[in-house]
Amino acid sequence: MSRRSILFRLAHEARPYYPRLATAMAIGVFAGVLSIIPPLSFRIIINQVLVPTSGRAPDLNALYLALGITSIALVLANCAIYGQTYLTAWSGQHLVARLRVRLFERLLNLPLGEFDKWRTGELIARFSTDLQIMIDAVSVSVPQLVVALATFVSSFATMVYLDWLLTLSLVLVAPIVFFAVNNFQRLISASTHRAQQRIADLTANLSEVLGGQRVVKSFGREEFEVARFRSRNDDFFGAYMKLTQFIQTQPLVVSTIMVAAVVAIMWLSVREVLVGRLDTGRVFMYWGLLVNLMNPMNRVAAFFGDISKAIVGAGRVFELLDLPVEVHDAPGAVPLRNVRGRIEYVDVTFRYSADEPAALEHLNATIEAGEIVALVGPSGAGKTTIVNLVPRFYEPEGGCVRVDGIDIAGVRLCDLREAIAIVPQDVQLFRCSVLDNIRYGRVDATDAQVRAAARDANVDDYVQSFPDSYATQVGERGVRLSGGERQRIAIARAVLRNPRILILDEATSALDSHSETMIEEALDRLLLGRTTLIIAHRLSTVRRANKVLFVEAGRVVEIGTHDELLAKGGAYARLHAAQFSMKAGNS
């Protein structure tokens, strides 16, 4: 995204705030214009009090007038700057707050295939550092830039009025200043982009290691991870210092150019006084205006550096906002009511990206309402892909998936997912209470309904032993609970949702016998009367199923009951002999 397109996009996003911003800009201009009052007072005091014309006494009334208008001007300028800064900060913060919510909403509505392309740390960096530099720019740099520009323009105009020939020397250095600032802006933008990418790498590394703390400790990789983090931290340090170098060098270069111009102007102005073209008060007023001019010139360069950084940050934020979202409802989408749960895969072909081989190829299968179906097959055969097509986490490339005879591509997504519950193998719990984690299955459920679901899922028997019962905080990702306890909470969520279609990535093989028994009992209650797709890992699950789909290379190659497929002696029987019989012997 080009710099110009980002600026146009920001201008469009800021349209609701134009009245406030216009008021803030007017107040800022007023504050800048007031900066010419102190130099004017210098002229009055020098010409009428300190060095009055010959034959006249010092005019003390002029002194009091000059001090009075200077005091009023400074107070009004400070009040104006306060009002301008508040209005601009409010508008900027509100704009960024809106962008933050939209960014969060966009991430939640990304198709899973798109979401999987991004590192968690990269997304967090765009929420934190990229938005923060935007906030810094709109809250600090933009208000001060307006005042600085107004001060510069008003002072320059007054200097032209006082002595246009003398001021011409400043005009001569303007192209040099513009050339320097323009080149620094390009360097700052490029360096900002590199620094933001480095902090994203650093954040991603931190997020990954914190999430895998147990793996790090179990393999004794603390020193390895510290070294890797230190390397990325050094990369960020180097990128940030290069950025700092450009930002700090820019005002230094500009001020050096301006100092040369100021020295020349002071020499010329003294010469003008000596030849009688300027009086002493006029030249002091001119020098006061010159100071007004110099300060904004030095600060404007720094402000433009901050704004360049903010534009880079805005571009990175807009990059996320422009990502595609899930197609919730096609035109003319129909409601899906009174779901029975019959699922049909009709000549389904699917691939995760255009340059990858098909994960599913011309897959056909029918699951009757209320059936418990076990999906069995070697790793990478497409079992997870098959179940992920039902809630439309992914859209098939060819063919269709039907529920109760209706192509799910043409139904309302909210209705479809309302009829489905998923119990994943890797249970995701939130950092809140047991009660709230279960209620996530149906947010409008009462406490009594949540506890009833917990009893059905055999959660109640261990939660009652906690000091805080259902108010117990489970910790990050449920770290305070055992694997079996987390699994039962996930089942309770599904019970509370009361779905017609259940997707279960069964994961009891790593649990102790007591937890496994509790989960098996809970599943017996949950599966009753529901269409269930189970990615099977255990022999007991396969035997419970009404039907087994053996999946290989993205196709359903065998369909039947466990006993029928064993008797057939095909691919399922061979996998069973190599895998399931071994597990049965170990259990």
Side-chain angles (χ1 to χ4, degrees), residues 1-3 5-6 9 96 99-100 102-137 184-249 305-324 352-353 355-356 426 428 431 476-477:
M1 188 178 292
S2 69
R3 184 185 180 91
S5 62
I6 294 171
R9 181 86 170 263
V96 172
L99 287 175
R100 188 182 294 115
R102 285 171 52 197
L103 195 59
F104 184 73
E105 183 181 17
R106 178 56 58 103
L107 293 181
L108 289 184
N109 286 282
L110 287 180
L112 282 180
E114 184 67 38
F115 184 83
D116 292 341
K117 297 176 184 177
W118 292 81
R119 297 174 299 171
T120 303
E122 174 81 12
L123 300 176
I124 293 173
R126 302 201 184 204
F127 263 99
S128 54
T129 55
D130 289 309
L131 285 175
Q132 185 59 49
I133 61 176
M134 290 178 64
I135 290 173
D136 293 341
F184 273 110
Q185 294 316 301
R186 290 190 293 103
L187 292 171
I188 289 171
S189 294
S191 295
T192 300
H193 195 275
R194 282 194 296 271
Q196 294 303 97
Q197 188 58 51
R198 296 295 179 270
I199 192 63
D201 293 340
L202 192 66
T203 307
N205 187 191
L206 177 62
S207 175
E208 186 178 56
V209 171
L210 292 180
Q213 183 79 332
R214 284 168 172 74
V215 177
V216 173
K217 288 186 177 299
S218 65
F219 285 94
R221 289 291 178 264
E222 290 88 349
E223 291 185 7
F224 170 80
E225 291 298 345
V226 169
R228 185 165 66 148
F229 186 84
R230 182 182 292 112
S231 173
R232 293 184 176 176
N233 192 47
D234 289 343
D235 289 342
F236 170 65
F237 175 77
Y240 189 81
M241 289 311 300
K242 179 62 70 175
L243 173 61
T244 302
Q245 180 184 353
F246 289 139
I247 291 175
Q248 297 302 320
T249 304
D306 292 340
I307 292 171
S308 292
K309 289 166 58 181
I311 290 172
V312 172
R316 286 163 56 85
V317 170
F318 290 146
E319 183 183 357
L320 288 189
L321 288 176
D322 291 339
L323 292 176
Y352 286 95
S353 63
D355 57 349
E356 293 184 10
D426 182 17
Q428 174 66 62
R431 192 183 182 93
E476 193 79 23
R477 297 178 61 88

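Because the structure is predicted, anything quoted here is derived from the model rather than measured.
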I133 versus A310, closest heavy-atom pair with distance: O-CB, 3.7 Å

So which atom in A195 and which in A239 form the shortest heavy-atom distance, rounded to 0.1 Å? CA-CB, 3.9 Å

Does atom [atom1] ([X]) have a neighbourhood of more than 12 heavy atoms from anything else shown, all under 6.0 Å?
X	atom1	answer
E356	CD	yes
F104	CZ	no
Y240	OH	no

Would you give the length of the straight line joining atom [atom1] of [X] to atom [atom2] of [Y], rounded to the nearest 0.5 angstrom?
X	Y	atom1	atom2	value
T249	L187	OG1	CG	9.5 Å
R100	E105	CZ	CD	15.0 Å
I311	T192	CD1	OG1	10.0 Å
L323	R106	CG	CZ	7.0 Å
I124	I199	CD1	CD1	11.5 Å

Side chains of [X] and [Y]: closer than 4.5 Å at any heavy-atom pair?
X	Y	result
R126	W118	yes
M134	L99	yes
F318	L321	yes
I188	L243	yes

Any ion pair linking [Y] and [X] (charged N to carboxylate O, less than 4.0 Å)?
X	Y	value
R9	D322	yes
R316	D130	yes
R228	E225	yes

Does R198 use its side chain to pair, donor to acceptor, with the backbone of F237 at less than 3.5 Å? no

N233 side chain to F229 main-chain N or O, any donor-acceptor pair under 3.5 Å? no

